[in-house]
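Right, one structure below, let's go through it.
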Amino acid sequence: MTSFKKKVFAVVKKIPLGTTLTYKEVANRAGYPKAFRAVGNVLNTNYDLDIPCHRVVRRNGEIGGYNRGVVEKRKLLKNETLLSRTS
DNA sequence: CATTTGACGCCAA
DNA sequence: TTTGGCGCCAAAT
């Protein structure tokens with residue numbers, strides 16, 4: 001477990017419900033503003049179920065990929081969005 | 001150890 | 001606005 005991964009995991013774990021951060025933002029918060037690629041790589045290789053990696057999307061707001069399938073990611077994001085909208 | 005790949009992003013044309 | 005090329009970091013081959 002490298003410090004880089006730990007930072008990335010920490011940042012992703014801190015993402016609030018119904019919130020989506022871009023890989024760039026995650027990398028920036030992790031302390032590696034230019035490592036947005038490595039961020040995706042870490043999530044891809046070391047994907048952990050304790051990590052809401054589905055809240056990490058592309059710069060365009062488009063869903064990048066997901067270890068369990070992009071479809072699941074969509075559903076999760078939609079669900080969380082609705083939950084956060086609970087007035 | 002060197003090279004390629006990848007859940008990406010930004011700049012220039 | 002859309003397309004192409006370049007850069008960046010970590011892991012896999």
Side-chain angles (χ1 to χ4, degrees):
Chain A
M1 190 54 113
T2 65
S3 60
F4 176 70
K5 290 187 200 168
K6 293 205 314 193
K7 288 171 188 168
V8 174
F9 284 122
V11 172
V12 177
K13 279 195 223 165
K14 289 175 192 234
I15 300 177
L17 182 70
T19 305
T20 55
L21 284 181
T22 67
Y23 293 94
K24 184 172 174 294
E25 283 294 300
V26 174
N28 192 7
R29 289 193 182 195
Y32 296 76
K34 297 172 293 180
F36 40 78
R37 303 223 33 195
V39 173
N41 212 304
V42 168
L43 294 178
N44 184 22
T45 59
N46 268 322
Y47 57 87
D48 192 313
L49 296 172
D50 294 326
I51 310 228
C53 43
H54 58 269
R55 291 178 191 163
V56 184
V57 296
R58 288 193 54 152
R59 185 274 292 195
N60 302 323
E62 298 292 316
I63 300 178
Y66 195 49
N67 44 26
R68 308 184 61 206
V70 188
V71 184
E72 290 297 324
K73 183 169 181 176
R74 268 188 191 161
K75 286 158 69 174
L76 286 165
L77 285 173
K78 186 173 184 180
N79 185 32
E80 293 190 351
T81 302
L82 293 174
L83 288 174
S84 63
R85 282 183 187 174
T86 44
S87 307

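Fair warning: this is a prediction, and the values are worked out from it, not measured in the lab. Chain letters run A, B, ... following the sequence lines, proteins first, then strands; residues in each count from 1.
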Taking atom [atom2] of [N] as reference, at what distance in whole Å does atom [atom1] of [X] sit?
X: A/Leu77; N: B/dA7; atom1: CG; atom2: P; answer: 18 Å
X: A/Asn44; N: C/dA12; atom1: CG; atom2: P; answer: 9 Å
X: A/Tyr23; N: B/dC10; atom1: OH; atom2: P; answer: 14 Å
X: A/Phe36; N: C/dA10; atom1: CZ; atom2: C1'; answer: 13 Å
X: A/Leu43; N: C/dC9; atom1: CG; atom2: C1'; answer: 13 Å
X: A/Asn46; N: C/dA10; atom1: CG; atom2: P; answer: 13 Å
X: A/Asn28; N: C/dC8; atom1: CG; atom2: C1'; answer: 14 Å
X: A/Arg68; N: B/dA7; atom1: CZ; atom2: C1'; answer: 15 Å

Does any N or O donor sit under 3.5 Å from an N or O acceptor when you compare the side chain of [X] with the base of [N]?
X: A/Tyr66; N: B/dA7; answer: no
X: A/Arg37; N: C/dC9; answer: no
X: A/Asn41; N: B/dG6; answer: yes

Legend entry - ILVMFWY network linking A/Leu43 to A/Leu77, side-chain heavy atoms under 4.5 angstrom: no
Inset, instruction - Check whether A/Ile51 and A/Val39 end up in the same hydrophobic cluster, where Ile, Leu, Val, Met, Phe, Trp and Tyr are linked by side-chain heavy atoms less than 4.5 Å apart. - result: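 Yes, A/Ile51 connects to A/Val39 through the hydrophobic network.
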Inset, instruction - Quick one: label A/Lys5 by what it contacts on the DNA or RNA (base, sugar-phosphate, nothing), any heavy atom closer than 4.0 Å. - result: sugar-phosphate
Inset, instruction - Give A/Ala38 one of three labels, base, sugar-phosphate or nothing, depending on what nucleic acid heavy atoms sit under 4.0 Å from its own. - result: base
Just verifying a value: how many Å separate [X] [atom1] and [Y] [atom2], rounded to the nearest 0.5 Å?
X: A/Asp48; Y: A/Lys13; atom1: CG; atom2: NZ; value: 7.5 Å
X: A/Glu72; Y: A/Asn67; atom1: CD; atom2: CG; value: 10.5 Å
X: A/Arg68; Y: A/Leu49; atom1: CZ; atom2: CG; value: 6.0 Å

Legend entry - Side chain A/Lys73, main chain A/Gly65, donor-acceptor under 3.5 Å: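 Here the side-chain-to-backbone pair exists.
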Inset, instruction - Dump the intermediate steps for side-chain contact (heavy atoms from CB on, under 4.5 Å) on A/Asp50 and A/Phe9, then the final yes or no. - result: CA-CA 9 Å; A/Asp50 294 326; A/Phe9 284 122; over 6 Å; no
Legend entry - Side chain of A/Phe4 (C-beta onward), nearest among C/dA10, B/dC10, B/dA7: C/dA10
Legend entry - Options B/dA7, C/dA11, C/dC9, nucleotide nearest the side-chain atoms of A/Ala35: C/dC9
Legend entry - Earlier contact from the 5' end, DNA chain C, for A/Lys34 and A/Thr45: A/Lys34
Legend entry - Bracket string, DNA chain C, 5' to 3' - pairs by Watson-Crick or G-U geometry under 3.5 Å, | interstrand: .||||||.|||||
Legend entry - Side-chain N or O of A/Arg58 closer than 4.0 Å to phosphate OP1/OP2 of B/dG9: yes
